[in-house]
There are 2 protein chains.
Amino acid sequence: MDTTQLLKGVLDVAVLAVVAQEDGYGYDVVRRLRAAGLEDVGDASVYGTLRRLYAGGSLTSYVVPSDEGPHRKYYGITPLGRQELGEQRQTWAAFADTMSGLLAGSTGNTVPLERRRRTGSEGTR
Amino acid sequence: MDTTQLLKGVLDVAVLAVVAQEDGYGYDVVRRLRAAGLEDVGDASVYGTLRRLYAGGSLTSYVVPSDEGPHRKYYGITPLGRQELGEQRQTWAAFADTMSGLLAGSTGNTVPLERRRRTGSEGTR
DNA sequence: GGACGCTACTGCGCATTGCGCGGTACCTTC
DNA sequence: GAAGGTACCGCGCAATGCGCAGTAGCGTCC
């Protein structure tokens with residue numbers, strides 16, 4: 001449902017990854033992200049992220065006038081951006097691993113009753 | 001790094017998962033989460049999450065006076081919580097999968113130069 | 001030719017959520 | 001009785017994604 005919160009801190013890597021594959025302009029990056037599976041990503045979020053990454057030195061940018069439509073602000077990844085991407089990917093991998101471990105403990109419904117705590121259930125005191 | 005943003009929207013599942021395994025009180029849940037790998041989780045975040053989940057009906061709570069120390073506010077998972085947990089786990093799995101696919105595209109440095117420069121973006125024309 | 005629609009980007013303000021920090025309180029130990 | 005670990009709460013802040021409105025170029029349809 002609310003995949004929105006899951007994007008926090010991940011949009012950066014996602015955008016970096018997409019741009020690293022090939023330079024792209026905002027509108028295009030949005031499409032590519034959605035095509036990649038992040039279907040609910042908002043365009044404003046992507047534009048904002050691009051600007052932030054650019055401001056942080058992870059991306060460069062150049063404007064290309066379009067024949068059919070408004071100009072396009074292309075973004076390309078910088079060495080710093082590539083480095084960031086590398087680190088972030090690792091951070092993500094570790095994090096995802098941790099989470100998978102955590103979530104593996106409870107299969108949603110099947111719970112090893114053996115270790116059930118006697119749940120005191122003391123009355124309210 | 002700043003794992004803090006990655007926790008967004010995930011702390012909920014994490015806490016649910018931990019409590020689903022066994023009832024626990026705030027201070028304890030914090031320890032368990034940290035032990036599970038979320039070492040940087042703040043206690044205030046956990047307490048807040050517990051309260052939020054409780055308010056949402058995913059958790060029940062009962063106070064147990066402790067012999068050595070302050071009282072402990074135990075939390076247990078409710079059927080609704082278990083359901084939430086199940087859904088969330090799936091959401092997470094799907095999301096993680098998407099991300100892994102996205103990040104797989106760029107190995108940080110190795111990029112298939114072949115597809116460089118193009119962005120045709122098969123416009124509707 | 002004006003309305004409409006798609007492309008493309010920007011700015012504004014809001015909502016969520018994790019966190020630092022300070023405060024309260026209980027209990028044990030030196 | 002001061003110190004320290006346990007245990008919880010509330011306040012206010014910061015980061016970030018998003019909806020929405022606005023601007024603008026260009027093509028199409030009636």
Side-chain angles (χ1 to χ4, degrees), chain A residues 1-16 23-34 38-56 59 61-75 88 95 99 125, chain B residues 1-16 23-34 38-56 59 61-75 88 95 99 119-125:
Chain A
M1 288 333 207
D2 202 9
T3 22
T4 202
Q5 290 302 323
L6 294 180
L7 275 181
K8 299 276 183 179
V10 171
L11 233 195
D12 279 42
V13 216
V15 168
L16 280 176
D23 288 14
Y25 52 98
Y27 205 76
D28 182 54
V29 172
V30 172
R31 277 204 224 95
R32 289 205 262 159
L33 286 176
R34 288 188 177 148
L38 302 181
E39 305 177 10
D40 297 332
V41 73
D43 60 316
S45 310
V46 176
Y47 283 115
T49 300
L50 284 170
R51 266 177 261 147
R52 210 183 322 129
L53 290 174
Y54 174 71
L59 297 178
S61 116
Y62 49 95
V63 175
V64 176
S66 168
D67 350 356
E68 324 109 10
H71 67 282
R72 291 169 175 174
K73 199 166 189 174
Y74 277 82
Y75 288 94
Q88 299 262 51
F95 184 74
M99 282 307 295
R125 289 252 308 86
Chain B
M1 289 317 242
D2 201 9
T3 21
T4 202
Q5 290 301 321
L6 294 180
L7 275 181
K8 297 275 184 181
V10 171
L11 232 195
D12 280 40
V13 217
V15 168
L16 279 176
D23 288 14
Y25 53 97
Y27 204 78
D28 183 53
V29 172
V30 172
R31 276 204 225 100
R32 289 205 261 160
L33 286 176
R34 288 188 176 148
L38 302 181
E39 305 178 10
D40 296 332
V41 74
D43 60 316
S45 311
V46 176
Y47 282 115
T49 300
L50 284 170
R51 266 177 262 146
R52 209 184 322 129
L53 290 174
Y54 174 72
L59 297 179
S61 118
Y62 49 93
V63 175
V64 176
S66 169
D67 350 356
E68 325 109 9
H71 67 282
R72 291 167 175 175
K73 200 168 190 173
Y74 276 82
Y75 288 94
Q88 299 262 52
F95 183 75
M99 283 307 296
T119 323
S121 74
E122 68 301 293
T124 352
R125 24 169 36 326

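All heavy atoms count here, side chains included; hydrogens, waters and symmetry mates do not. Below, chains carry the letters A, B, ... as their sequence lines are ordered, and counting in each starts from 1.
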Value in whole Å for how far the [atom2] atom of [N] lies from [atom1] of [X]:
| X | N | atom1 | atom2 | value |
| --- | --- | --- | --- | --- |
| L6(B) | dA15(D) | CG | C1' | 13 Å |
| L59(A) | dC9(C) | CG | P | 13 Å |
| Y27(A) | dG5(C) | OH | P | 14 Å |
| Q5(A) | dG19(D) | CD | P | 12 Å |
| K8(B) | dA15(C) | NZ | C1' | 10 Å |
| Y25(B) | dT6(D) | OH | P | 9 Å |

Item to check | Test side-chain hydrogen bond (donor to acceptor under 3.5 Å, both in side chains) applied to R51(A) - qualifying residues, sequence neighbours left out | outcome: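 So R51(A) forms no side-chain hydrogen bond (donor to acceptor under 3.5 Å, both in side chains) with any residue.
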
Next on the checklist: Taking 4.0 Å as the cut-off, does a side-chain nitrogen or oxygen of S45(B) come that near to OP1 or OP2 on dC19(C)?
Outcome noted: yes

Checklist entry - Contact class for K73(B) vs. all strands (heavy atom < 4.0 Å): base, sugar-phosphate, or nothing? => result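 Answer is sugar-phosphate: K73(B) comes under 4.0 Å of backbone atoms only.
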
Checklist entry - For S45(B) and L7(B), what are the C-alpha separation, side-chain angles and deciding distance, and is it a side chain to side chain contact (heavy atoms under 4.5 Å, CB included)? => result CA-CA 10 Å; S45(B) 311; L7(B) 275 181; over 6 Å; no

Which residues pass the side-chain contact (heavy atoms from CB on, under 4.5 Å) test with [X], not counting sequence neighbours?
| X | answer |
| --- | --- |
| D43(A) | V30(A), Y47(A) |
| S66(A) | R72(A) |
| D28(B) | Y25(B), R31(B), R32(B) |

Item to check | Contacting residues from residues 46-56 of chain B, given that a heavy atom lies under 4.0 angstrom of DNA chain D | outcome: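 Hits under 4.0 Å, by residue number: Y47(B), R51(B).
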
Checklist outcome for this item: When rounded to the nearest 0.5 Å, the distance separating CG of L59(B) from CG of L16(B) is 6.0 Å

Under 3.5 Å, N/O pairs linking protein and nucleotides 26-30 of chain C:
none

Item to check | Set of salt bridge (charged side-chain N to carboxylate O under 4.0 Å, His left out) partners for R34(A), sequence neighbours left out | outcome: none

